[in-house]
Amino acid sequence: MSPMTPDRRAFLLSLLPASLALAATAAEPGAAVAVIQRFYDALLAVMKARLGFDQRYQRLAPAINQTYNLALMCRLAVGPEWQRFQPAQQRSVADAFARYTISVYANRFDDYSGERFAVDPNPAAGPNGLVVASTLIKPNGEKVTLNYLMRPSPDGAWQAIDVYLSGTISQLASQRSEYAGVLQQGGADALVKLLDQHIATLRTG
């Protein structure tokens with residue numbers, strides 16, 4: 001096995017506080033379930049309101065920022081390259097990542113036709129956090145599994161740091177794969193440009 005590079009070591013060490021916080025709050029798994037239930041309640045309210053994209057974005061932004069640890073997710077999606085960014089670049093990438101995440105939800109949950117969400121009240125403990133399982137039930141009865149990997153934030157509140165589509169497909173892994181080539185070719189500026197392009201497509205999609 002090749003030795004760990006200093007950049008990789010620093011990146012992994014930056015994640016340790018989340019792991020330590022998890023051990024301290026592991027006795028309250030029900031709070032993690034409540035976070036996802038509240039998020040779904042917010043999603044349904046916006047869907048039923050039948051708003052335009054900008055209004056959906058504004059309504060969903062607080063719920064998404066509360067549900068997800070977007071700062072940690074951004075660092076994980078970028079990977080060790082994050083350590084090479086200047087502080088201004090980190091802020092720019094984190095802002096674009098947050099806007100993109102909110103835009104995805106504002107685009108996908110634009111109307112209501114009888115969808116329902118079911119949240120498993122019994123989360124599963126794993127090596128990287130708690131997994132809260134849930135199901136999106138479409139009007140035709142089709143079910144989509146959405147599992148959330150949860151960790152406590154620095155203030156002790158549970159937040160999602162990844163979503164597994166169909167129970168196994170990691171959103172963060174997909175994003176990391178997409179971003180790797182962009183970062184290699186153009187660094188932080190290229191990633192911000194890519195995310196802004198995605199956002200523009202979502203607004204008009």
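Hydrophobic clustering (ILVMFWY, side-chain heavy atoms < 4.5 Å, transitive): I102 and L51 are in distinct clusters.
Partner of H198 under the side chain to side chain donor-acceptor pair (under 3.5 Å) criterion, chosen from K193, R203, E178: E178.
Judged by distance alone, the side chain of R116 and the main-chain N or O of I137 form no donor-acceptor pair under 3.5 Å. With T168 contributing its side chain and Y164 its backbone, the two residues share no donor-acceptor pair below 3.5 Å. Using modelled atom types, one side-chain atom of E115 and one backbone atom of S113 make a donor-acceptor pair closer than 3.5 Å. Side chain of R176 to main chain of V78: no donor-acceptor pair is present (N/O by atom type, distance under 3.5 Å, no hydrogens or angles). Checked by atom type and distance alone, the side chain of N65 pairs as donor or acceptor with a backbone atom of A61 at under 3.5 Å. In this structure a side-chain-to-backbone donor-acceptor pair under 3.5 Å is missing from Q58 to Q55.
A 4.5 Å side-chain heavy-atom check between T67 and Q159 finds every atom pair outside the cut-off. The closest side-chain heavy-atom distance from L172 to M73 is below 4.5 Å. Within the 4.5 Å cutoff, side-chain heavy atoms of V104 are placed close to those of L202. Contact check for F117 versus I36: no side-chain heavy atoms found under the 4.5 Å cut-off. Using a 4.5 Å heavy-atom cutoff, the side chains of Y68 and F39 are in contact.
Taken to the nearest 0.5 Å, the CD atom of Q175 stands 6.0 Å off from the OG1 atom of T101. A distance of 11.5 Å separates CG of N107 from CD1 of I199, quoted to the nearest 0.5 Å. To the nearest 0.5 Å, the span separating OH on Y100 from OG1 on T201 amounts to 9.5 Å. Taken to the nearest 0.5 Å, the OH atom of Y112 stands 4.5 Å off from the NZ atom of K48. With rounding to the nearest 0.5 Å, the separation of CZ in R38 from CG in L43 is 13.5 Å. The distance from atom CG of L183 to atom CG of L194, rounded to the nearest 0.5 Å, is 9.0 Å.
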TODO: Give the C-alpha distance, both sets of side-chain angles, the deciding distance and a yes or no for side chain to side chain contact (heavy atoms under 4.5 Å, CB included) between W82 and Q90.
DONE: CA-CA 7 Å; W82 179 265; Q90 291 180 343; 3.2 Å; yes

TODO: Please lay out, stage by stage, how I161 and M150 fare under the test side chain to side chain contact (heavy atoms under 4.5 Å, CB included).
DONE: CA-CA 6 Å; I161 65 164; M150 311 288 290; over 6 Å; no

TODO: Evaluate the criterion side chain to side chain contact (heavy atoms under 4.5 Å, CB included) for residue pair Y148 and V131; output intermediate values, then yes/no.
DONE: CA-CA 5 Å; Y148 295 82; V131 176; over 6 Å; no

Open item on the list: Pair R99, Y57 - check side chain to side chain contact (heavy atoms under 4.5 Å, CB included), show working.
Closed with: CA-CA 9 Å; R99 288 187 289 107; Y57 184 101; 3.3 Å; yes

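With no hydrogens or angles considered, a side-chain donor-acceptor pair links S170 and D162 at under 3.5 Å. For the 3.5 Å distance criterion, the side chains of D41 and Q37 qualify, holding a donor opposite an acceptor.
Nearest heavy atoms, A94 versus C74: CA-SG, 3.7 Å. Heavy atoms only, all atoms of each residue included: S134 and Y40 are closest at OG-OH, 2.6 Å.
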